Amino acid sequence: MNDVSRLPGSAHHHWQWQLRAACRNLGPGRFYHPAGERGEEREDRDEAAKRVCAVCPVRAACLEHALRTREPFGVWGGLTEEERRALPGQVGRRTVAAHAGAGHR
(Lines give C-alpha, C1' and ligand atoms only; values in the text may rest on other atoms or scores of the structure.)
Protein backbone atom coordinates (compact mmCIF):
# COMPACT_ATOMS: atom_id res chain seq x y z
CA MET A 1 0.00 0.00 0.00
CA ASN A 2 1.29 3.46 -0.87
CA ASP A 3 1.88 6.11 1.76
CA VAL A 4 -0.54 8.76 0.46
CA SER A 5 0.91 11.39 2.80
CA ARG A 6 3.64 11.95 0.19
CA LEU A 7 1.23 12.55 -2.67
CA PRO A 8 1.17 16.13 -3.91
CA GLY A 9 -2.55 16.69 -3.35
CA SER A 10 -5.58 17.03 -5.55
CA ALA A 11 -4.63 20.27 -7.34
CA HIS A 12 -4.82 19.62 -11.07
CA HIS A 13 -1.41 21.16 -11.84
CA HIS A 14 0.33 18.48 -9.72
CA TRP A 15 -0.89 15.75 -12.07
CA GLN A 16 -1.03 17.52 -15.43
CA TRP A 17 2.26 15.96 -16.59
CA GLN A 18 0.49 12.60 -16.79
CA LEU A 19 -1.64 13.85 -19.69
CA ARG A 20 1.49 13.89 -21.89
CA ALA A 21 2.86 10.51 -20.77
CA ALA A 22 3.74 8.03 -23.51
CA CYS A 23 2.17 5.24 -21.46
CA ARG A 24 -1.14 7.04 -20.92
CA ASN A 25 -3.25 4.71 -23.06
CA LEU A 26 -1.19 1.50 -22.84
CA GLY A 27 -2.68 0.00 -19.70
CA PRO A 28 -0.81 -1.22 -16.63
CA GLY A 29 0.19 -4.70 -17.85
CA ARG A 30 3.42 -3.52 -19.42
CA PHE A 31 4.50 -1.54 -16.34
CA TYR A 32 3.45 -3.75 -13.41
CA HIS A 33 4.43 -7.39 -13.16
CA PRO A 34 1.86 -10.03 -12.27
CA ALA A 35 2.34 -11.94 -9.03
CA GLY A 36 5.05 -14.54 -9.32
CA GLU A 37 6.52 -13.29 -12.60
CA ARG A 38 10.26 -14.02 -12.67
CA GLY A 39 13.21 -14.47 -14.96
CA GLU A 40 13.13 -13.82 -18.66
CA GLU A 41 9.41 -12.97 -18.80
CA ARG A 42 9.83 -10.24 -16.21
CA GLU A 43 13.00 -8.93 -17.84
CA ASP A 44 11.24 -8.77 -21.22
CA ARG A 45 8.26 -6.92 -19.74
CA ASP A 46 10.54 -4.46 -17.93
CA GLU A 47 12.52 -3.81 -21.11
CA ALA A 48 9.31 -3.20 -23.09
CA ALA A 49 8.20 -0.68 -20.45
CA LYS A 50 11.60 1.02 -20.49
CA ARG A 51 11.41 1.40 -24.29
CA VAL A 52 8.19 3.38 -23.81
CA CYS A 53 9.81 5.47 -21.08
CA ALA A 54 12.87 6.16 -23.26
CA VAL A 55 10.79 8.27 -25.66
CA CYS A 56 8.42 9.77 -23.09
CA PRO A 57 8.37 13.58 -22.87
CA VAL A 58 7.59 13.50 -19.13
CA ARG A 59 10.02 10.80 -18.06
CA ALA A 60 11.80 13.03 -15.52
CA ALA A 61 8.52 14.17 -13.92
CA CYS A 62 7.37 10.55 -13.72
CA LEU A 63 10.57 9.39 -12.06
CA GLU A 64 10.55 12.34 -9.68
CA HIS A 65 6.98 11.48 -8.68
CA ALA A 66 7.86 7.80 -8.11
CA LEU A 67 10.86 8.69 -5.97
CA ARG A 68 9.04 11.38 -3.98
CA THR A 69 6.09 9.11 -3.22
CA ARG A 70 8.28 6.00 -2.83
CA GLU A 71 6.18 4.15 -5.39
CA PRO A 72 6.74 0.49 -4.44
CA PHE A 73 5.68 -1.18 -7.70
CA GLY A 74 6.13 -0.96 -11.42
CA VAL A 75 8.33 0.82 -13.93
CA TRP A 76 8.18 4.60 -13.47
CA GLY A 77 10.37 7.05 -15.35
CA GLY A 78 12.35 4.21 -16.87
CA LEU A 79 13.33 2.51 -13.61
CA THR A 80 11.96 -0.64 -12.00
CA GLU A 81 11.09 -0.74 -8.31
CA GLU A 82 14.42 -2.50 -7.60
CA GLU A 83 16.38 0.14 -9.52
CA ARG A 84 14.63 2.96 -7.68
CA ARG A 85 15.30 1.35 -4.29
CA ALA A 86 19.00 1.06 -5.19
CA LEU A 87 19.34 4.83 -5.68
CA PRO A 88 20.97 6.86 -2.89
CA GLY A 89 18.68 7.82 -0.01
CA GLN A 90 18.69 11.56 -0.68
CA VAL A 91 17.50 11.74 -4.27
CA GLY A 92 17.32 15.21 -5.73
CA ARG A 93 16.59 16.72 -9.13
CA ARG A 94 20.18 16.08 -10.26
CA THR A 95 19.77 12.34 -9.65
CA VAL A 96 16.41 12.33 -11.43
CA ALA A 97 17.91 14.17 -14.40
CA ALA A 98 20.82 11.73 -14.59
CA HIS A 99 18.54 8.68 -14.59
CA ALA A 100 15.82 10.14 -16.81
CA GLY A 101 18.26 11.55 -19.36
CA ALA A 102 18.55 10.29 -22.91
CA GLY A 103 20.42 7.05 -23.20
CA HIS A 104 19.62 5.65 -19.73
CA ARG A 105 17.74 2.39 -19.93
Side-chain angles (χ1 to χ4, degrees):
M1 176 181 274
N2 287 351
D3 180 356
V4 296
S5 68
R6 292 186 185 90
L7 294 176
S10 61
H12 180 70
H13 69 277
H14 289 300
W15 305 100
Q16 198 165 13
W17 61 268
Q18 292 181 354
L19 297 175
R20 297 187 347 251
C23 64
R24 180 156 174 80
N25 296 312
L26 297 180
R30 186 175 304 183
F31 301 91
Y32 296 92
H33 65 83
E37 182 184 54
R38 302 257 189 285
E40 193 173 324
E41 286 183 357
R42 183 167 179 174
E43 290 171 16
D44 290 347
R45 185 196 41 74
D46 285 343
E47 287 305 313
K50 290 178 179 187
R51 283 192 296 276
V52 174
C53 296
V55 298
C56 184
V58 295
R59 181 176 180 180
C62 180
L63 180 56
E64 184 177 355
H65 167 78
L67 294 172
R68 185 179 62 250
T69 61
R70 297 182 187 157
E71 177 60 51
F73 304 108
V75 174
W76 288 75
L79 298 181
T80 64
E81 57 264 32
E82 294 86 5
E83 292 166 336
R84 292 190 307 274
R85 279 194 296 268
L87 292 175
Q90 294 296 320
V91 178
R93 289 188 185 275
R94 192 173 295 151
T95 303
V96 170
H99 288 283
H104 180 75
R105 294 192 56 185

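Note: hydrogens, waters and symmetry copies are ignored here, and every other heavy atom, side chains too, is used. Values in this document were obtained by computation on a predicted structure and should not be read as measured data.
- A 6.0 Å sphere centred on CD of E41 holds no more than 12 heavy atoms belonging to other residues, nucleotides or ligands.
- Checked against salt bridge (charged side-chain N to carboxylate O under 4.0 Å, His left out), E43 has no partners two or more places apart in sequence or in another chain.
- Taking 4.5 Å as the limit, every side-chain heavy atom of R59 sits out of range of all side-chain heavy atoms of L63.
- Considering CD of E40 and CZ of R45, their distance stands at 13.5 Å, rounded to 0.5 Å.
- When side chains are defined from C-beta on, L87 counts as touching L79, because their heavy atoms get closer than 4.5 Å.
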Name the atoms and distances for all side-chain donor-acceptor pairs under 3.5 Å in residues 19-30, with sequence neighbours left out.
none

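- Nearest heavy-atom pair across Y32 and G74 is CD2-CA, 3.6 Å.
- The two atoms that bring H65 and W76 nearest to each other are CD2-CZ3, 3.4 Å, heavy atoms only.
- Residues passing the side chain to side chain donor-acceptor pair (under 3.5 Å) test with E82, sequence neighbours excluded: R42, T80.
- The two residues C53 and G78 make their nearest non-hydrogen contact at SG-N, 3.3 Å.
- Taking the side chain to side chain donor-acceptor pair (under 3.5 Å) definition, one finds that Q18 meets it with nothing, sequence neighbours left out.
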(message) For E71 and R84: C-alpha separation, side-chain torsions, deciding distance, then whether salt bridge (Lys or Arg N to Asp or Glu O under 4.0 Å) applies.
(response) CA-CA 9 Å; E71 177 60 51; R84 292 190 307 274; 5.5 Å; no
